[in-house]
Amino acid sequence: MIDIRLIRQNPDVVRESLSKRHDDTSLDAIIKMDEEHRKLLQGIEALRGERKNVSKLIGKLERDHILATLTSILSDCEDPARLPTVQIIKEIDNFLEQCNIKEPLKQERDQMISKIDEYIEKEIRKERSRRIGEEIKILEEQASEISEQLTNMLLWLPNLVQDSVPIGEDESGNVVTRHWGEQPTFDFDPKPHWELGESLGIIDFERGVKLSGSRFYVLKGLGARLQRALIDFMLDLHVNEHGYLETYPPFMVREECAIGSGNLPKFADHLYHDAEEDFWFVPTAEVPLTNLYRDEILDPGTLPLYHVSHTACFRREKMSAGKDVRGIKRGHQFDKVELYKFVEPETSNDELAIMMDNAETVARKLGLPYRILELCTGDIGFASSKSYDIEVWAAGCDEWLEVSSCSNCLDFQARRANVRYRPEPGAKPQFAHTLNGSGLALPRVVIAVLENYQQADGTIVVPEVLRPYMGTDIIS
RNA sequence: GGAGAGGUGUCCGAGUGGUUUAAGGAGCUGGUCUUGAAAACCAGUGUAUGCUUUUGCAUACCCAGGGUUCGAAUCCCUGCCUCUCCGCCA
């Protein structure tokens, strides 16, 4: 979420970022609502203060025994603030008569009569307080309606992009900044993974479709084993060599978690949702991880926090209908190892570079050639201020596959999920910065391994680092 | 799924309609004392928003959202969560 104070004080900075993203949301309505909201709040607070004081006075008066008796005697009368004195006296006499004991109460009668003016004053105060209450209620209704609209509009605003992000219309504007490794050459025609997988009997498309429909597949035998080996390898690498904490989160989360990460409300149609229990299926571990420390203030010295999670990811892929329908490149369910960091604001761009290297290390150790893309303003994600993609080369389908996208979200998600930290003991809490990146997405790494390590006879050489996990050096 | 109990500050914990401006204790920070430490004593110790921006001031927050009331931590309704017992289950 963008800080409303930034929009208030420096709207042009936000406008510029929006226009770079080709987001045509206007800030005018937001600014106007914010102004109106604050004006209402001021009115409400003043009225509440007044009511508080009046009520306090009433409380003091009601602690007076005589006044309290008088109040209870007259509690059935309508409009007590406007009762004529004569009638009040009559009611007092009625009451005393009902009590049947006349003499000892005579004194009390005089006391009551002497306090009639005070009583009336008190009732007038009550009436005034009641009227203030009504006024407050009206204003509160207005304020909460505006506040709800305002919050909702803010939730639809994408993060600011950093100045270093290249300007561009769409994915064609992304900039290739680096390459690593050599694309493999073959003395035969390299096959795509769907052919290899089928002929090796390790990917079963037909039965996947039978079970769950298009974009589902079944991994079997060494195919399933390969994916598991990759997961173990990646987790071990990030835990043992990069200092991440292995973390197993829920795969279904509450709505507020998906709001916290930035997936809701804007991208509801990308997510699976269980209507009965109102759970959202995670499209990436980023969603639960963002919310690990929601509504917390982390103690000084706690940051940075590094988490790595292997989860299944569920995506409706409605927007990509008809795209990448062959093979296992784009499914509704896939596994991913995700890197996530909570860091202090000053360090977040450096941390992004480190995270990139952590993710790249996976590809390097697997011997998969890759290139790095700096995402442009037209293609960068909603929550991100700066993103790099890692694409590995897949020799069979002859394309670069996105296997990771590493992003610095600044305080955008932390603000939504209310994740704060205290820089020093006693210092004011601040929003943390969050970063996320795949390290890496599994099916696409499986594709790259199968296609790049294939041999003329259709068998696959297992990359060196995976052999301890695979228990074999060839998939045949 | 059934029955019951509960949710108060950093923590423990009191509080059944109004000096609660949330008691008391612990912790933490600072100070006094001490050669030093401990103990004791004194003081301070939340978050958010708005207004002033030097000091401040105001409002809200006792799980969340509604309601009753002049006034709600307290009473009523709904939801969420935790615990105990039973049932079921991996």
Side-chain angles (χ1 to χ4, degrees), chain A residues 1 3-9 31 33-65 67-72 74-83 118-148 150-151 154 248 250-257 259-260 274 276-280 291 293-302 411 414-432:
Chain A
M1 193 147 58
D3 189 355
I4 183 67
R5 277 170 293 196
L6 178 66
I7 297 175
R8 197 184 293 157
Q9 287 156 15
I31 290 168
M33 277 184 177
D34 173 50
E35 244 165 62
E36 214 169 313
H37 183 239
R38 278 182 301 151
K39 213 174 275 170
L40 283 168
L41 276 187
Q42 281 177 46
I44 289 168
E45 285 181 8
L47 286 172
R48 274 207 277 240
E50 198 182 338
R51 182 178 64 180
K52 205 165 151 185
N53 291 331
V54 175
S55 287
K56 235 179 227 172
L57 275 173
I58 296 170
K60 251 177 216 164
L61 289 172
E62 297 240 307
R63 249 171 275 128
D64 179 291
H65 171 64
L67 266 179
T69 313
L70 203 45
T71 305
S72 83
L74 298 168
S75 63
D76 288 339
C77 299
E78 269 180 44
D79 206 358
R82 274 174 203 76
L83 281 177
E118 251 181 282
Y119 168 79
I120 288 177
E121 194 195 330
K122 176 173 70 73
E123 289 304 321
I124 288 171
R125 286 213 173 103
K126 272 195 194 176
E127 209 177 83
R128 191 162 122 231
S129 185
R130 194 182 300 131
R131 227 173 282 132
I132 293 171
E134 281 162 10
E135 218 172 313
I136 290 173
K137 204 168 176 186
I138 292 167
L139 292 180
E140 271 177 344
E141 267 163 30
Q142 292 174 13
S144 76
E145 194 180 316
I146 289 182
S147 151
E148 199 180 309
L150 183 59
T151 306
L154 289 176
Y248 178 84
F251 293 8
M252 298 184 290
V253 295
R254 296 168 179 288
E255 184 182 50
E256 55 261 39
C257 292
I259 291 173
D274 166 54
E276 193 135 309
E277 305 284 345
D278 200 19
F279 279 128
W280 294 84
N291 292 277
Y293 308 103
R294 79 173 304 122
D295 296 325
E296 289 188 40
I297 300 170
L298 301 168
D299 289 331
T302 310
D411 64 1
R415 205 176 275 284
R416 287 172 161 246
N418 194 25
V419 180
R420 291 172 295 169
Y421 76 103
R422 215 180 286 280
E424 303 288 337
K428 255 184 100 72
Q430 278 190 38
F431 289 110

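All heavy atoms count here, side chains included; hydrogens, waters and symmetry mates do not. Please read these numbers as outputs of a predicted model, since none were measured by experiment. Letters A, B, ... are given to chains in the order of the sequence lines, protein chains preceding strands, and every chain is numbered from 1.
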Tell me which nucleotide, if any, is Watson-Crick or G-U wobble paired with [N] when both distances must be under 3.5 Å.
{"N": "U82(B)", "value": "A5(B)"}
{"N": "G36(B)", "value": "none"}
{"N": "A43(B)", "value": "U29(B)"}
{"N": "U68(B)", "value": "none"}

Quantified in whole Å, what is the [atom1] atom distance between nucleotide [N] and nucleotide [M]?
{"N": "G6(B)", "M": "A73(B)", "atom1": "C1'", "result": "15 Å"}
{"N": "U49(B)", "M": "A40(B)", "atom1": "C1'", "result": "42 Å"}
{"N": "U54(B)", "M": "G46(B)", "atom1": "C1'", "result": "24 Å"}
{"N": "G25(B)", "M": "C42(B)", "atom1": "P", "result": "10 Å"}
{"N": "G4(B)", "M": "A58(B)", "atom1": "C1'", "result": "44 Å"}
{"N": "G30(B)", "M": "G50(B)", "atom1": "C1'", "result": "31 Å"}
{"N": "U59(B)", "M": "G67(B)", "atom1": "C1'", "result": "22 Å"}
{"N": "A72(B)", "M": "C61(B)", "atom1": "P", "result": "9 Å"}

At a cut-off of 3.5 Å, list every protein nitrogen or oxygen paired with a nitrogen or oxygen from nucleotides 6-10 of chain B, distance to 0.1 Å.
none

Without decimals, in angstroms, what is the distance between [X] [atom1] and [N] [atom2]?
{"X": "Glu140(A)", "N": "U59(B)", "atom1": "CD", "atom2": "C1'", "value": "11 Å"}
{"X": "Ile132(A)", "N": "U69(B)", "atom1": "CD1", "atom2": "C1'", "value": "15 Å"}
{"X": "Glu277(A)", "N": "C81(B)", "atom1": "CD", "atom2": "C1'", "value": "15 Å"}
{"X": "Glu424(A)", "N": "C28(B)", "atom1": "CD", "atom2": "C1'", "value": "16 Å"}
{"X": "Arg130(A)", "N": "G71(B)", "atom1": "CZ", "atom2": "P", "value": "8 Å"}

Item to check | Reading 5' to 3' through nucleotides 44-58 of chain B, protein heavy-atom contacts under 4.0 Å coded B for base, S for sugar-phosphate only, - for none | outcome: ---SSSSS------B
Can you tell whether the side chains of [X] and [Y] come within less than 4.0 Å, N to carboxylate O?
{"X": "Arg422(A)", "Y": "Asp299(A)", "value": "no"}
{"X": "Lys122(A)", "Y": "Glu62(A)", "value": "yes"}
{"X": "Glu123(A)", "Y": "Arg130(A)", "value": "no"}
{"X": "Arg131(A)", "Y": "Glu127(A)", "value": "yes"}
{"X": "Arg8(A)", "Y": "Glu35(A)", "value": "no"}

Nearest heavy-atom pair of [X] and [Y]: which atoms, and what distance?
{"X": "Ala143(A)", "Y": "Ile44(A)", "value": "CB-CD1, 3.9 Å"}
{"X": "Ile120(A)", "Y": "Leu83(A)", "value": "CD1-O, 4.0 Å"}
{"X": "Tyr119(A)", "Y": "Leu70(A)", "value": "CB-CD2, 3.8 Å"}

Next on the checklist: Pick the closest RNA chain B nucleotide for Ser144(A) and for Gly59(A) by heavy atoms, then say which residue is nearer the 5' end.
Outcome noted: Gly59(A)
Checklist entry - Mapping Lys126(A) and Lys52(A) to their closest nucleotides on RNA chain B, which lands nearer the 5' end? => result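 Here Lys52(A) is the residue nearer the 5' end.
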Item to check | Trace of the side chain to side chain contact (heavy atoms under 4.5 Å, CB included) decision for Ile259(A) with Arg416(A) | outcome: CA-CA 7 Å; Ile259(A) 291 173; Arg416(A) 287 172 161 246; 4.1 Å; yes
Item to check | Rounded distance (nearest 0.5 Å) linking atom CG of Asn418(A) with atom CG of Asp295(A) | outcome: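 Here the interatomic distance stands at 5.0 Å.
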